[in-house]
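Ligands are counted one by one from 1 in listed order, and the atoms in each one are counted from 1 as well. In this text, all values refer to a predicted model and were calculated from it rather than measured experimentally.
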Amino acid sequence: MLILSLKATITHKGAILLGKNFACDAFDDSKPLRVVTHAHADHTIGLHQSLRICEKVLMTQATKDLIDVMRGPLFLMSGFVEALEYGKTLQLEEECIRFFRADHILGAAQVLVEDFEGTRIVYVGDFRIDETPILDSDVLVIEATYGSPTCKRPFQKDVKNLLISLVEEKLKHGSVYVFGYHGKLQEVMQLLHKASVKAPFVVPERVFHISRVSEQHGMRFGRLMLSEEREAKDLLDRDSPCIAFYHMGSRSRVGRGAFRVYVSGWEFDSPCREIADKEYVIALSDHSDFDGLIEYVRRSKPKVVITDNFRVGYAETLARQIHKRFGISAVALPKR
Ligand SMILES: [Zn+2]
């Protein structure tokens with residue numbers, strides 16, 4: 001057991017170290033290969049250093065395309081980036097690495113490293129249990145965002161329909177602004193498009209480019225209008241029915257006085273909550289809730305678990321719960 005637990009760790013800078021060769025989601029100078037599981041900022045830590053120093057930086061093609069849009073096309077060219085597709089194997093000395101899909105944002109990957117002893121070291125990354133394949137593991141590194149038993153969403157299945165009907169209802173009275181993070185905004189756009197919600201979609205330039213990349217990788221949104229276009233400006237100025245999609249960071253700058261919907265995972269009491277006049281929070285998350293995290297561990301059957309205590313969440317609580325429920329070694333790393 002002691003030996004197994006040495007095969008993965010998490011550093012004080014947030015790097016998830018797997019086997020002898022791989023550092024995921026933050027820079028670490030002891031490993032030749034850097035992995036980026038997805039394009040969110042808390043998983044691209046120290047990427048500039050990794051590009052300069054590591055032999056190779058691995059990510060899916062979709063993640064690469066998203067980072068190109070978010071950081072500019074020159075950024076990744078400062079190092080050697082290899083796009084590794086889901087299910088393909090890359091061998092390095094006596095270890096091999098494979099990516100598997102993670103239901104989180106476009107391009108998100110789980111990482112499986114198998115070493116010379118056949119030990120399966122799995123890092124799930126960020127994920128939602130719904131459409132994430134569960135990998136058998138010996139050593140499992142798992143996120144802990146909603147790792148407390150207080151973080152359960154019993155209403156999960158109704159959230160999408162609620163969001164659609166809320167937006168449709170509010171469109172009868174004028175423009176609707178939807179605020180969320182990159183990736184989740186595109187999920188909402190696709191959801192409303194598939195539900196045939198009849199209103200133009202308006203997006204600022206950054207969201208437009210990220211959406212174009214998402215379309216190249218199979219997502220569908222219908223026609224998008226740039227918020228700078230005359231037609232879009234007129235719609236918003238006149239408070240005509242249209243849906244504007246903005247990053248959460250823009251919420252204090254745009255859409256004042258209009259109907260505003262925030263999509264957020266940090267909601268457990270109700271799938272939809274009115275927080276102020278014309279302002280709503282919808283509990284749409286791209287992370288598993290507590291039950292989803294426990295479910296992954298149960299089905300993955302690890303002998304040792306490490307919970308991510310670097311990123312936001314409840315790593316220590318989750319480690320205790322895993323140990324209590326399954327009687328296996330579980331530790332929150334890095335130690336605080
Ligand atoms: Zn993420």
Pair Tyr181 and His247, ring centroids less than 6.0 Å apart: yes

In Asp126, the N, O or S atom nearest to the Zn ion (ligand 1) is which? OD2

Tell me which N, O or S atom of His40 sits nearest to the Zn ion (ligand 1). ND1

With Tyr296 as partner, the option from Phe127, Tyr123, Phe290 fulfilling ring pair (Phe, Tyr, Trp, His ring centres under 6.0 Å) is Phe127

Of the N, O or S atoms in His104, the one nearest the Zn ion (ligand 1): NE2

Using 2.8 Å as a strict upper limit, say whether an N, O or S atom of His43 approaches the Zn ion (ligand 1) that closely. no

Give a yes or no on this: more than 12 heavy atoms of other residues, nucleotides or ligands lie within 6.0 Å of atom CD of Glu205. no

Taking the six-membered ring of Phe22, is NZ or CZ of Lys31 closer than 6.0 Å to its centre and within 45° of its axis? no

